[in-house]
Amino acid sequence: MIPLSPDEIAWAAQIACLLEVNAWKPGNVSRFQDFPECCFEDFLVSAVAIGPAFLEAAHKPVGATILRAVRDTHRLVDTNTNLGIVLLLAPLAKAAGMGNSNGLRAAVIRVLADLTVEDACGAYEAIRLAAPAGLDRVERCDVYDSKIDFTLREAMKLAQDRDSVAREYVTGFDLTFELGYATLRRLCEKGCKAPESVVQTFLTILAQVPDSLISRKNDLATARHVSELAKRVVDSGGVFSEGGRKELHKLNHILRDEQHRLNPGTTADLVAASLFVFLVDGGVQDHLRDLIRPPRNCVSDALVSPVNLFG
């Protein structure tokens with residue numbers, strides 16, 4: 001993989017955010033469904049806001065990219081819309097700017113190994129600024145520690161059992177590459193359009209990985225139950241069958257409680273990271289064209305509209 005230009009990295013980051021929120025994923029904000037405290041437009045603005053940070057991501061420390069992206073978002077949006085996405089995209093973006101003869105994943109593994117105490121300081125300041133829901137105090141490497149003497153990867157290692165974003169830092173983005181990106185690539189090769197591909201990828205991840213945000217707001221048992229419901233959708237055909245779409249409608253209804261405590265937000269973040277990898281792999285322009293303008297007579301031409309998906 002040759003290094004991407006700053007423009008290509010910023011494009012991939014912003015487009016990944018836009019494609020993710022534009023898809024009609026159950027329990028999440030989309031252009032058809034808002035939350036009381038944030039709306040679809042907040043996520044569009046957030047996608048634009050991170051552009052300057054990711055334009056410089058290849059030449060800046062990961063923690064600095066995280067902090068600038070969250071600060072710039074906070075200047076324009078009143079609620080946390082993209083902390084998880086930024087935490088995932090920052091090391092991926094730096095890796096994309098480095099290049100590696102063995103591919104993007106090899107590059108990001110090197111980036112993760114080189115994370116510093118300064119990266120932890122930047123990331124922790126960003127987390128405090130974003131103030132994500134359900135964030136509890138912990139005994140070691142707490143985000144409110146007055147003294148930080150550990151690297152960002154060391155902090156993520158301690159959090160990996162309770163947070164999927166942290167686990168990606170430890171596993172070399174295993175979920176992103178082996179599940180999310182692999183699913184997107186397979187669907188794209190079949191000629192599926194972006195909205196259906198994103199929703200199906202979201203369901204595939206959620207069916208196999210209990211959502212960290214749901215677990216923090218509720219408990220692990222609740223998150224596992226939601227994963228079981230998502231697996232029922234996937235097993236019924238997902239967005240590609242009438243039965244799967246009926247199950248998807250049921251899942252969306254279940255996840256939309258008044259306090260949106262069942263919002264699978266971490267899964268959406270993993271989808272955005274998977275989209276970034278998909279766009280970067282093989283060239284942003286070519287893969288974007290394949291995703292949003294697949295060949296005619298593709299499998300998704302017969303799919304229902306999002307209005308019919310969710311009623």
Side-chain angles (χ1 to χ4, degrees), residues 1-23 40-77 80-100 103-108 110-112 114-115 119 122-123 125-126 129-130 152 165 168-169 173 176-177 180-181 184-185 188 194 198 268-293:
M1 183 197 83
I2 62 173
L4 267 65
S5 71
D7 283 345
E8 289 174 314
I9 294 170
W11 287 341
Q14 292 175 297
I15 292 168
C17 293
L18 292 171
L19 291 177
E20 182 274 316
V21 74
N22 189 61
F40 174 63
E41 288 77 13
D42 287 324
F43 286 84
L44 300 184
V45 171
S46 300
V48 173
I50 69 171
F54 281 90
L55 194 63
E56 301 180 349
H59 309 292
K60 294 287 187 179
V62 169
T65 298
I66 293 168
L67 181 56
R68 180 175 182 186
V70 171
R71 276 178 173 168
D72 288 348
T73 301
H74 189 67
R75 291 169 61 190
L76 301 176
V77 178
N80 171 31
T81 51
N82 61 9
L83 173 63
I85 290 174
V86 169
L87 286 168
L88 289 168
L89 293 189
L92 290 169
K94 188 170 184 65
M98 291 171 47
N100 191 294
L104 179 62
R105 190 170 187 187
V108 79
R110 179 179 173 184
V111 168
L112 296 171
D114 292 339
L115 290 172
D119 290 318
E125 185 175 345
L129 180 60
L152 182 54
V165 172
E168 292 297 86
Y169 274 68
F173 281 69
T176 298
F177 282 91
Y181 166 61
L184 277 171
R185 184 179 61 187
C188 185
V198 171
D269 298 338
L270 290 165
V271 169
S274 302
L275 280 162
F276 180 88
V277 171
F278 179 86
L279 292 168
V280 166
D281 179 65
V284 176
Q285 293 93 326
D286 289 341
H287 267 192
L288 178 62
R289 186 181 304 111
D290 292 342
L291 189 60
I292 66 175
R293 289 188 293 274

For residues [X] and [Y], report the shortest heavy-atom separation together with the two atoms involved.
| X | Y | value |
| --- | --- | --- |
| Leu89 | Ala272 | CD2-O, 4.1 Å |
| Gln14 | Gly51 | NE2-CA, 3.4 Å |
| Ala49 | Leu76 | CB-CD1, 3.9 Å |
| Gly63 | Asp119 | N-OD1, 2.9 Å |
| Leu270 | Glu168 | CD2-CG, 3.9 Å |
| Thr65 | Ala57 | OG1-CA, 3.7 Å |

Rounded to the nearest 0.5 Å, what's the gap from [atom1] on [X] to [atom2] on [Y]? Could you check?
| X | Y | atom1 | atom2 | value |
| --- | --- | --- | --- | --- |
| Ser46 | Asn80 | OG | CG | 8.5 Å |
| Ile50 | Ile66 | CD1 | CD1 | 12.0 Å |
| Cys17 | Asn22 | SG | CG | 12.5 Å |
| Leu67 | Leu129 | CG | CG | 7.5 Å |
| Glu20 | Ile15 | CD | CD1 | 14.0 Å |

Should [X] and [Y] count as side-chain neighbours, where that means a heavy-atom distance under 4.5 Å?
| X | Y | result |
| --- | --- | --- |
| Ile9 | Leu55 | no |
| Tyr169 | Leu115 | yes |
| Trp11 | Leu279 | no |
| Leu88 | Phe173 | yes |

Q: For residues 82-95, pull every pair meeting side chain to side chain donor-acceptor pair (under 3.5 Å), keeping only residues two or more places apart or in separate chains.
A: Thr73-Asn82
Q: I would like to know whether Leu18 and Leu44 meet side chain to side chain contact (heavy atoms under 4.5 Å, CB included); could you show each step before the answer?
A: CA-CA 6 Å; Leu18 292 171; Leu44 300 184; 3.7 Å; yes
(Q) Could you walk me through whether Phe177 and Asp281 satisfy the side chain to side chain contact (heavy atoms under 4.5 Å, CB included) test, starting with their C-alpha distance in whole Å, then the side-chain angles of each, then the deciding distance to 0.1 Å, before giving a yes or no? (A) CA-CA 11 Å; Phe177 282 91; Asp281 179 65; over 6 Å; no
Q) Of all residues at least two apart in sequence or in a different chain, which pass the side chain to side chain donor-acceptor pair (under 3.5 Å) check with Asp42? A) none
Q. What pairs with Ala95 under side-chain contact (heavy atoms from CB on, under 4.5 Å), at least two apart in sequence or on another chain?
A. Leu104, Ala107, Val108, Val111
Q. Going through the checks in order, is the side chain to side chain contact (heavy atoms under 4.5 Å, CB included) test met by Glu56 and Arg68?
A. CA-CA 10 Å; Glu56 301 180 349; Arg68 180 175 182 186; 3.5 Å; yes
